Amino acid sequence: MRISVTINDKMVHLDVEFDEFLADALRKHGFFSIRKGCDTSCCGLCTVWVDGRPTLSCSVLAFRVDGKTITTIEGVQQEAEQFAQILAAEGAEQCGFCSPGFIMTVLAMKKELTQPTEEQIIHYLTGNLCRCTGYMGQLRAVKMYLGGTA
Amino acid sequence: MKLVGKGIAKIDAMPIATGKPVYTEDLAYQDALVVKVLRSPHAFARIKAIDTSKAEKLAGVECVLTYQDVPKVRFTLAGQSYPEPSPYDRLILEDLVRYVGDEVAIVAAIDEKTALKAIKLIKVEYELLEPVLDFEQAIGHSSVIHPEADLHCNFDIGLDKEQNIVSSYKLEAGDVEAELQQCAVVVEGTYYTQAQAHAMMETYRAFSYLDHAGRLVLISSTQIPFHVRRKLARSLQIPASKIRVIKPRIGGGFGGKQTVAVEPFVAAVTLKTGKPALLVYDRKETFTATTSRHAMRLKVRLGADQDGFIQVVDIEGLSDTGAYGEHASTVFSVVGDKTLPLYNKTKAVRFMGNVVYTNKLPAGAFRGYGATQGTFALEATVNKLAAKLQIDPTELRMKNLIKQGETCLTYGGKILGSSALDRCIETGKKMIGWSEKYPRRELDNHKVRAVGMAVTMQGSGIAGIDTASAEIRLNDDGNYTLLIGSTDMGTGSDTILSQMAAETLDTDMEHMIVHAADTDVSPYDPGSYASSTTYVTGMAVVKAAEDLRQQMLTQAARFLEADPQELVFDGTLFQTGDGLRSLTLVKLAELLVLGLGNKQLVGQATYGSPVSPPPFIAGFAEVEVDQETGQVSVLDFVAVADCGTVVNPNLARIQVEGGIVQGIGLALYEDVRYDEKGTLQTNTFMQYKIPTRKDIGTIRVAFEESYEPTGPFGAKSIGEVVVNTPAPAIVNAIYHATGVMLDSLPVTPEKLYRKMQDRPIRQEMEHE
């Protein structure tokens, strides 16, 4: 079936299967930042924004986003780089495989929460797993990004 | 130093963090065949008949392979230097399946849907065999897991296939039994550690195609490109010269990708069809059908005198290698190798035992590689000794631990070149607030807080075996290209090795191009494992850079008609001692590379170390135990590391923090369960819980540097030692909190609660 979606500010028409997930549809159309890490909606690697809200693209059927607005990290490169530089300065991207999904959640949090506490930050980001960093470096980077001190 | 010791960001940081297409799957051709694997639903069975005709007729199916289509030459998937000490006990596909998940058939189709449909159309008739599911029953079991006549091992590792024993090992110095008789205090314990999953975020995957010369090319998420090439040559029976293995960016490894997983299957498809093919394991396959940490039972006996000087360390082990013997003997020997030297006031030490086959997921290499299991068992028992003698656990360590310049019973006269472990303990005590918090504090709401600790050591590379080469070219434009075969899997080793090369050549990171790893281009390197890259490859890089620097001085002297000895090189300019004549590096490069009759300079070195100097960590846990539920929360974990000179403090710190959290997972969360038929039940992140950022409390890291005389700039390793202390330190803290000494991992609330109530623990809980 054909759906019409706005991906990173550009209206596109995608031919998708009825049982195809958004993550697969996006990868198929060249958005390689979308990664799958678990198949059970646990890891957060595939996080994109649907109408501005962080969403697990592995768990949303592609036809469900017909008429909606999708944002991937390719569409917010400037903001992503701004945070990624802080993350890299901490060495906390490590293998980088979870970083795009993680960064999409961090950027969404910045929009959604005003001056979040450490507890709120951790709660907001819990759905983004990382096996490399032990999370502490990510937390330092997020706090620095939000303007506090790590 | 300008670069060594600086927390430089990784050279690949921005592209990987912002989602650029640099990983294996991103590099595969869009029209690559999709490969899927049919797996055994039975723990142990013989394939009586297999009918692939319906699958082959399905439109879009390009190839179906069964055991009849692959070479009958056994090999090992273990990524080890040739000749490997792991048994050659595998075929790509075989008519005997040895665990639930073992490969039965390979299917390649034009898309995933078709491949999965074809898998369902394959009809297999099995003769079911009695599986061996309890590793404590494996020896002498009526079922022989590897009955094949062509099972082979390059070394005598004590293989006794009729008994399901893959390896027997004994390391002994002194008379353990006699010395134990003399000891005033003897404590013992029997410990069980589970088959932890690596759970790297990027699952196993490889993409293969035939290049312009008809050679087989694999782009693979691997830690071991050169070993992959050798194994593919053997398993597929094609010349190694016809194979090229390229490692792109990798989404984590932790030792998992030191064992070959998907490469033979995808390569077999490309060889058969001539077409590009991609195989990506999903998470369930990664849990079910790759490798894990070796589950072990370790029995420890410690003997000490009245004053707490440890006289005897005796460890007897049983290790479960699962259905195949990858890394079986070496992981097991490391249990003893990286524990017995810690306490060197001993009169007798021993480590011995067996590694057995079972009909379960094969075990393999996993960060810590036996030292993790050994540290848990030894340190738990040392903490038991401290409790029995009523000595502070930190003081007991300070009394007994090996110090720099000393030797131990198993070192064969060699001395320990560097150690700051005593300083690590002192610093860690201060950071955690040991003197105020030890041993426990009651809170009023049924909760109690306590601290615990453990120490550990690992190695840096494999002494006398693993050898790395490095090359550095001076390019036509005055820049350098560093060629290495080690495999940065996210750790930042490409950056760290560039720092070392640039430091040696007095240049900056911008002038150092680094390329790794491609078997057609890179000099040989075993790959990144055994905590070897900073130490072994690093030394090769430093020597190659020194070689190039010397050659550049010689050539600059020739052009300046001066003596090389009197030249000064500051990284950009060669000058005679009197300052009268000079030549820029850019000009030298131009003179050497361009024009006639010249010679491009290449610095080269091959390095293998005769020793494997240990990094050390003192780990301290502060936990809170809810006495009503058995729930344990790690509030604070302090790790103080001695990895010699810290080459890049940011990347080293992240290694420690990440390793500590993986260790907390091992200690508290990562439970491994099978059903009665041998099917792994903990096969998704729903059932197998790795720590989230809510589960870890605060992790704090400090370094106490030593200077390792055999290491590059005084450096040792950091990658593995970091995972070892959480389990014993947390279990020690739980003991201080509750008086319960736990001996099996993970410490689930249920397990602790039952122990606190002194209720009998169910059999399967004790052993899984």
Side-chain angles (χ1 to χ4, degrees), chain A residues 17 19-20 24 27-28 30-45 72-74 76-77 80-81 83-85 87-104 119 121-123 125-140, chain B residues 7 9-10 12-23 25-26 30 112-113 198-203 249-254 280 282-284 489-492 648-662 664-665 684-686 690-694 696 698-701:
Chain A
E17 304 276 331
D19 58 352
E20 188 172 3
D24 299 315
R27 269 199 79 88
K28 203 155 79 185
F31 297 98
F32 288 136
S33 69
I34 315 300
R35 285 142 198 178
K36 292 200 289 182
C38 70
D39 315 313
T40 47
S41 313
C42 294
C43 74
L45 262 60
T72 72
I73 199 168
E74 285 91 346
V76 286
Q77 278 290 296
E81 280 174 18
F83 174 63
Q85 258 156 10
L87 192 67
E90 284 294 324
E93 78 291 353
Q94 281 286 292
C95 84
F97 204 71
C98 72
S99 296
F102 172 66
I103 290 179
M104 289 307 282
E119 203 179 349
I121 293 170
I122 290 172
H123 182 72
L125 299 173
T126 295
N128 289 88
L129 295 181
C130 169
R131 191 62 155 170
C132 293
T133 65
Y135 303 115
M136 301 304 295
Q138 292 184 345
L139 182 62
R140 289 192 292 272
Chain B
K10 283 172 54 182
D12 54 355
M14 292 305 287
I16 66 172
T18 56
K20 299 296 184 291
V22 291
Y23 298 86
E25 191 183 5
D26 309 334
Q30 288 279 27
E112 185 175 20
K113 243 182 205 175
H198 306 86
M200 68 295 277
M201 285 295 119
E202 184 197 35
T203 57
R249 294 298 97 193
I250 313 179
F254 310 112
V280 176
D282 62 23
R283 183 57 64 185
K284 200 168 168 182
M489 68 196 100
T491 56
N648 184 320
N650 288 13
L651 298 179
R653 175 160 69 164
I654 292 285
Q655 282 295 303
V656 183
E657 290 170 346
I660 294 301
V661 169
Q662 210 167 32
I664 290 174
T684 74
F685 284 138
M686 292 284 203
I690 65 169
T692 73
R693 64 192 79 227
K694 274 189 175 177
I696 53 168
T698 302
I699 316 291
R700 292 184 293 148
V701 172

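Because the structure is predicted, anything quoted here is derived from the model rather than measured. Each chain gets a letter, A, B and so on, in the order the sequences are listed, and its residues count up from 1.
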Go through the atoms of [X] and report whether side chain, backbone, both or neither lie under 4.5 Å from a heavy atom of chain A.
X	value
B:M489	backbone
B:Y23	side chain
B:T692	both
B:R653	side chain
B:I660	neither
B:R249	neither

Portion of A:E81 that has a non-hydrogen atom of chain B nearer than 4.5 angstrom: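 Both parts, backbone and side chain.
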Which atoms of A:I122 come close to chain B, meaning under 4.5 Å heavy atom to heavy atom: side chain ones, backbone ones, both, or neither?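 Both parts, heavy atoms under 4.5 Å.
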Is a side-chain N or O of B:R283 found less than 3.5 angstrom from the main chain of A:T40, in a donor-acceptor match?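 No, because the side chain of B:R283 does not come within donor-acceptor range (under 3.5 Å) of the backbone of A:T40.
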Which of B:P691, B:G665, B:G7, B:G492 touches chain A most, by non-hydrogen pairs under 4.5 Å: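 The option with the most such pairs is B:P691.
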So does A:K36 pair up with B:E25, basic N to acidic O under 4.0 Å?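 Salt bridge between A:K36 and B:E25, a charged N being under 4.0 Å from a carboxylate O: no.
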Please identify each residue that fulfils side-chain contact (heavy atoms from CB on, under 4.5 Å) with B:K10, with sequence neighbours left out.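 Expected list: A:E93, B:D12, B:A13, B:I16, B:T495, B:L651.
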Nearest-0.5 Å distance that lies between atom CD in A:E90 and atom CD in B:E657: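 The CD atom of A:E90 sits 8.0 Å away from the CD atom of B:E657.
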Heavy atoms only: give me the nearest A:E17-B:K113 pair and the separation to one decimal.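 Minimum heavy-atom separation between A:E17 and B:K113: OE1-NZ, 3.4 Å.
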